[in-house]
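Step one of this worksheet: look at the structure below.
This chain uses plain numbering: 1 for the first residue, then up along the sequence. Bear in mind that the values here come from a model prediction, so they are computed numbers and not experimental data.
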Amino acid sequence: MHFRRFSLLVLLALLSFSAQAGTTVENIRIWAEGGKTRVVLDLSRPSRHSIFTLRNPDRLVVDLEQGRLSPSLDGDLPGSTGSVKSVRTGIKADGKLRVVLDLNQDVRSRSFTAGPNSTYGDRLVIDLQRSGSLQSVKRASESYKPGRDIVIAIDAGHGGHDPGAIGKARTREKDVALQISRRLAAKINAEHGMRAVMVRDGDYYVDHRRRMAIAHQHDADLFVSIHADAVDDRRANGATVYALSLKGATDEEARLLAERENAAVSVGGVSLNDKDQVLAEVLLDLSQNAALSASLDVGSAVIGELAQIVRVRRKNVQQAGLLVLKSPDMPSILVETAYISNPKEEKQLRDPGHQARLANAILGGIRSYFYTNPPPDTQIAMDIRRNPAREVRHVIARGDTLSEIAARYNTSTAAIRSANRLSGDKIRVGQTLSIPIYPGS
């Protein structure tokens, strides 16, 4: 009897410990600027979560596994701010904490997790963007030239003494990366309102930090690094797009804060030298999160276009602590175009026609992103304000594909899917599609 009573006490203690081992939402912070609302859930520890939207009325729902609301927030949740009308919480029957954001308008959402830094702990960040509104991508320079081109820095991976991965047929990653990069640069330079900058345009090596510095010197709006993957398994195949991992961002933040004491450091054109430690940390954190959010968006657009011509290994943007992506105030992505260790894909990478198709797909994603989110001082933003996108009607004929239709009208498959609320690329003969035609097309 005493043993059973002892066992019961141990079980209750374990259950109590298990409940205490969950995640506590310690604070909910909301602010709005320029048509965008950011919601941050400060967490006691990382938590698995799910996010989905509901309509009529518009709501965004966040479910946190083993989540609990801090007693300090009980009855003190944020009020109406930006796109958020109110915040409600409750514990579900399965033990999950549900946080409901009641919305006052139709929004697009993007969420990501952020690790601890010297100011905040673990965070779940949710960005809400008014549907149809323009979202500015912050530029790395203070310069402001109305009607300027959007500048894309193209980084051909490896080079010089660093060949990168080498395929079975002795194809070197540095060579195909440069060839695809040159094709992409030529296509960007042929675009209305866009200009490409090659980080390297020959067979020489550029240090990783120097690659970022070159992009900043040219006031680039986006940094795109081109690579080809390799693993021991020759069956591995497909393209992958990467953005910076949050741990990588935190590491770079620490480095910049240290450099602030010894050199002129600025983020988004704002000097950190005259800022105290806490303010400098906050500015870096906000800038990095904004750049990361934009990186995930443009990366998703590129994946959507690549999926039209090649197998995509991961349907979502992957995140890794890659040094070349660690610029704190510039959206940056790395595209692994294929597996050079796969004989079939190695052969494709050597084919000029396939290289051109890869370049077209990457450009399609970039174009789709910037026509939705043009920096406000650019020619494209001015064109859209003067002459918003018009639409033409296209009736699907036998043999039509979404990618061919996009190429015919000089638009992107992502734009066509969005205009017609298509969840995939399936179309049928006789179907009528609205084709968005952008200024300059």
Side-chain angles (χ1 to χ4, degrees), residues 36 38 40 108-115 117 123-129 134-141 150-155 157 184 188 194 196-197 199 208-209 211-212 214-216 218-227 239-253 256 267-268 284-306 312 314-337 361-375 412 414:
K36 180 177 178 180
R38 170 160 288 181
V40 178
R108 294 180 291 117
S109 65
R110 159 75 66 188
S111 65
F112 56 92
T113 56
N117 60 24
R123 288 152 289 159
L124 172 60
V125 181
I126 305 164
D127 285 335
L128 306 174
Q129 179 77 28
L134 301 182
Q135 174 186 0
S136 169
V137 177
K138 292 187 178 179
R139 190 182 176 91
S141 167
I150 291 173
V151 180
I152 314 296
I154 304 173
D155 169 47
L184 177 58
I188 288 174
M194 291 190 183
V197 171
V199 170
H208 288 90
R209 293 202 183 280
R211 293 172 194 251
M212 290 189 292
I214 291 171
H216 278 85
H218 290 274
D219 296 333
D221 297 281
L222 174 67
F223 181 92
V224 181
S225 193
I226 305 296
H227 290 256
T240 311
V241 178
Y242 288 91
L244 179 63
S245 77
L246 298 159
K247 183 180 186 304
T250 302
D251 291 343
E252 190 69 1
E253 177 180 309
L256 282 173
V267 172
L284 272 173
D285 185 58
L286 290 175
S287 180
Q288 286 186 318
N289 283 339
L292 176 57
S293 181
S295 301
L296 293 171
D297 284 341
V298 70
S300 294
V302 169
I303 287 175
E305 295 299 317
L306 284 170
V312 174
R314 296 286 187 271
K315 293 183 179 180
N316 298 318
V317 180
Q318 303 300 293
Q319 294 178 250
L322 303 168
L323 185 62
V324 77
L325 299 181
K326 289 190 177 182
S327 178
D329 56 352
M330 185 192 310
S332 306
I333 61 171
L334 184 146
V335 182
E336 296 281 9
T337 54
I362 297 170
L363 170 62
I366 293 171
R367 196 175 192 277
S368 176
Y369 174 78
F370 278 114
Y371 269 94
T372 306
N373 308 278
S412 68

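Under the 3.5 Å distance criterion, the side-chain polar atoms of Ser109 are left unmatched by any main-chain donor or acceptor of Leu128. Remark: the backbone N or O of Leu296 is paired with a side-chain donor or acceptor of Ser300 at under 3.5 angstrom. The main-chain N or O of Ser332 is found under 3.5 Å from a side-chain atom of Ser295 such that the two form a donor-acceptor pair. Between the side chain of Glu305 and the backbone N or O of Leu363 there is no donor-acceptor pair closer than 3.5 Å.
Annotation for Asp155 and Ser225: closest pair OD2-OG, 2.6 Å, computed over non-hydrogen atoms. Residues Val199 and Ala153 share a closest heavy-atom pair of CG2-CB, 4.5 Å. Across all non-hydrogen atoms, the minimal contact from Met194 to Arg367 is CE-CA, 3.9 Å. The heavy-atom pair separating Gly299 from Val241 by the smallest distance is CA-CG1, 3.9 Å. Considering every non-hydrogen atom in both Ile303 and Lys315, the closest pair reads CG2-O, 3.6 Å. Taking each heavy atom of Val125 and Arg38 in turn, the nearest pair found is CG1-NE, 3.5 Å.
For the atom pair CD1 (Ile150) and OH (Tyr371), the distance works out to 7.5 Å, reported to the nearest 0.5 Å. Atom CE in Met330 sits 9.0 Å away from atom CE in Met212 (nearest 0.5 Å).
Residues Ile154 and Ile188 meet the side-chain proximity criterion, which asks for heavy atoms closer than 4.5 Å. In this structure the side chain of Ile333 reaches within 4.5 angstrom of the side chain of Val302, judged on heavy atoms. Using a 4.5 Å heavy-atom threshold, the side chains of Ile152 and Phe370 count as touching. Here the side chains of Ile362 and Ile226 are in contact, with some heavy-atom distance below 4.5 Å. A heavy-atom distance below 4.5 Å is found between the side chains of Val312 and Leu306.
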